[in-house]
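Notes to accompany the following structure.
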Amino acid sequence: MTHNNTHKKINLTFKSLFVFLSITLLVVFSTVLLSAEWIIIVLSAGLLTILGLSIAYKWPDMFVILAIWVHFLKGLFIPKLSLGDFGTTPFMVFVTLAVVGYGLQIILGKRQFVLPVGFLFLLIFIGFTTFSLLVVQDFRAAIGVYFRTVLDWALFFVIVQMIVSRKRMQQLIYALLLQAVVVVSWGILAGIQLERLNVPRNTLFFWRQFQKNDFAAYLAIVIVIALATILVSKIRWEKLFSLYLLIMAPLAWVFTFSRGGFLAIVISVGVFIALERRKRILQRLFIMLFIVGLFSLTTVTLAPSSTRDLALDGLISIVSGESTAQRHTDTIEFRFALAEYATGIIAEKPILGVGFNQWQFYSPVKTRIYEAQTGQFREVGFSIHNRFLLIAANSGIIALVGYIGYLIFVILLGVRSRRYANQWTKTYLNAFISSIIGIQVALLFAPFVVWEWPTLGILAGLINLVEIETKGTLSLMQRIQLKLKT
């Protein structure tokens, strides 16, 4: 009875808030604005805002899933809706609504704010990344990328807020599997189209969303999630989708011919197998991987000649350190040159670096990139293909320490949490620990991976879920994790 009374009180407070806002908008804009056209526009915008906030308050989890679904569509802008020179993306809208929805629920006492594990390390990283804006030489070049980065951090936080029960985590797994089927299938079709048309990669919509190394790293995440789902799911369509992904992912990788992505896949699968120590499970995993391996070999053999040759040359160069492909040879040479130059820059400016997203003005190697907003190519400095060096160069060594500290903390705590988790949660903990480690391997050879922060958010949420299910068994987490109570 007490719970019901409390719930009614919250709803009444919420309703009163929006009634007040509606009346205020109606009175103010009706009296101030003389143009009937503007009154209609403003009132319509106000009512749509109120409706959006109401839906966000009621179903913030829905907007988290929508944000994850469109997360990679960074080149898709809502027509005629922009902020200054920067277009508004669906991702931006959904993340904002999720943040507002959870924020209203926390303010009105419907839920508690869950501070992610390792928050102090995150605070150091985010803080010094933000402070590095103070030393930028081109603020316009920095602010757009920074805003996108803030949205990634916001998505991380709302994912942690969402995963407070097994039911919510299951919904998230459903969403990830459905997304993976669409993205992997789309990637294969885009790869075939790229091969047949023989056109620049950035002329195709899919490859404007994905850098090829980024897509290859995503495949590592997809494979271990699919393996985990096959092991623990009792739903037929989940198993079928997962099997489809295990078969199609190798074909999708061929069109990326990414050596860093291949290493990420191998390391992710290896770590997952090492964490899954049950004999019966290991036998099933090896059988599945053997079948997938045979299919992969057949796929690579039958793939179009140019793509196949680049993919095989990339694999051989991982083992031998030598490459016969001009593309791979040139890439290795200038990446080493960039890393050496970046080390010197970091030594000169260790505290805040050269400024957030300012490396492009210091890079000795130039390249042309495609701007989805303008639909044109422009020349910029080539990015350091090492996430850790890039953080230190752009934002300083202290930001890098915070980033690495958080990674180590959340991985170790995730491994420890496995001892207290039920089998379902444990298997997905294994999957996302493996994904994070695989992503970091990929980031040794890439400046970013789009799915880094969502994956970190899911792992942090799973750790919190173990604490909820075990009612505080993890004493280490209790000492370190701070909770803000309304």
Side-chain angles (χ1 to χ4, degrees), residues 114-122 124-125 156 159-160 163-166 169-170 172-173 176 217 220-232 263-282 284-286 289 387-388 401-444 449 451-482:
V114 180
L115 211 57
V117 294
F119 180 72
L120 292 179
F121 288 111
L122 270 180
I124 292 171
F125 170 64
F156 165 86
I159 288 174
V160 174
I163 305 175
V164 293
S165 68
R166 177 168 168 171
M169 185 62 202
Q170 285 177 321
L172 197 53
I173 295 297
L176 292 173
I221 303 171
V222 168
I223 288 172
V224 290
I225 293 176
L227 285 172
T229 302
I230 287 176
L231 293 179
V232 299
L263 287 175
I265 292 171
V266 171
I267 296 298
S268 295
V269 173
V271 172
F272 182 75
I273 292 175
L275 293 174
E276 285 288 338
R277 298 173 183 174
R278 292 173 292 161
K279 183 178 179 180
R280 182 165 170 260
I281 295 300
L282 287 177
R284 292 170 62 185
L285 283 174
F286 280 121
L289 292 174
R387 167 76 162 157
F388 306 97
V401 170
Y403 177 74
I404 294 176
Y406 179 71
L407 290 176
I408 294 173
F409 185 91
V410 76
I411 290 172
L412 291 180
L413 192 54
V415 171
R416 185 174 184 272
S417 302
R418 295 166 59 251
R419 289 185 288 174
Y420 304 93
N422 59 55
Q423 192 55 58
W424 188 91
T425 306
K426 180 180 178 181
T427 300
Y428 281 112
L429 269 172
N430 293 339
F432 284 97
I433 291 170
S434 305
S435 297
I436 293 298
I437 294 174
I439 286 174
Q440 299 313 310
V441 171
L443 287 173
L444 292 173
V449 168
W451 264 271
E452 178 190 14
W453 286 105
T455 309
L456 281 169
I458 295 172
L459 179 56
L462 279 168
I463 294 171
N464 181 63
L465 179 59
V466 173
E467 184 189 16
I468 293 172
E469 291 180 341
T470 56
K471 295 180 172 59
T473 301
L474 298 179
S475 57
L476 175 62
M477 194 192 314
Q478 287 180 323
R479 291 197 303 269
I480 297 177
Q481 181 182 4
L482 302 176

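If you're wondering where the values come from, they're calculated on a predicted model, not measured in any experiment.
The shortest heavy-atom contact between Ala264 and Gly438 is CB-O, 3.2 Å. Looking at every heavy atom in both residues, Leu275 comes nearest to Arg418 through O-NH2, 2.8 Å. Heavy atoms only, all atoms of each residue included: Gly414 and Ile433 are closest at C-CD1, 3.5 Å. Scanning all heavy atoms of the two residues, the minimum distance from Gly457 to Val160 falls at O-CG2, 3.7 Å. Here the closest non-hydrogen pair linking Phe156 and Pro116 is CE2-CG, 3.6 Å. Among all heavy-atom pairs drawn from Leu429 and Ala421, the shortest one is CD1-CB, 4.2 Å.
Taking CD1 of Ile437 as the reference point, atom CD1 of Ile267 lies at 9.0 Å (rounded to 0.5 Å). Within the model, atoms CD1 of Ile436 and CD1 of Ile411 stand 6.5 Å from one another, a figure rounded to the nearest 0.5 Å. Taking CD of Glu276 as the reference point, atom OG1 of Thr427 lies at 4.0 Å (rounded to 0.5 Å). Of the inter-residue distances, the one linking Ile458 atom CD1 with Ile225 atom CD1 reads 6.5 Å to the nearest 0.5 angstrom. For the atom pair Ile223 CD1 and Ile265 CD1, the distance stands at 4.5 Å (nearest 0.5 Å). To the nearest 0.5 Å, atom CG of residue Asn422 and atom CG of residue Leu465 are 8.0 Å apart.
In this structure, Val232 and Tyr428 have side chains that are in contact, with non-hydrogen atoms separated by less than 4.5 Å. The closest side-chain heavy-atom distance from Ile124 to Val401 is not below 4.5 Å. The closest side-chain heavy-atom distance from Gln440 to Phe388 is below 4.5 Å. Between Leu462 and Ser417 there is no side-chain heavy-atom pair separated by less than 4.5 Å.
Aromatic ring pairs are classed by plane angle as parallel below 30°, tilted from 30° to 60° and perpendicular above 60°; the pair Phe125 and Trp453 is parallel.
Ser434 places no side-chain N or O within 3.5 Å of a backbone atom of Val269 that could act as its donor or acceptor partner.
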- [ ] For the pair Val466 and Lys426, evaluate side chain to side chain contact (heavy atoms under 4.5 Å, CB included) and give the outcome as yes or no after the intermediate values.
- [x] CA-CA 9 Å; Val466 173; Lys426 180 180 178 181; over 6 Å; no
Open item on the list: Pair Leu120, Phe409 - check side chain to side chain contact (heavy atoms under 4.5 Å, CB included), show working.
Closed with: CA-CA 11 Å; Leu120 292 179; Phe409 185 91; over 6 Å; no
- [ ] Please assess Leu444 against Leu263 for the test side chain to side chain contact (heavy atoms under 4.5 Å, CB included), listing each intermediate value before the final yes or no.
- [x] CA-CA 10 Å; Leu444 292 173; Leu263 287 175; over 6 Å; no
TODO: Would you sort out whether Asn430 and Val224 count as a side chain to side chain contact (heavy atoms under 4.5 Å, CB included), showing the intermediate values?
DONE: CA-CA 9 Å; Asn430 293 339; Val224 290; over 6 Å; no
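A side chain to side chain contact (heavy atoms under 4.5 Å, CB included) with Leu456 is found for exactly one of Trp451, Phe432, Tyr406, namely Tyr406.
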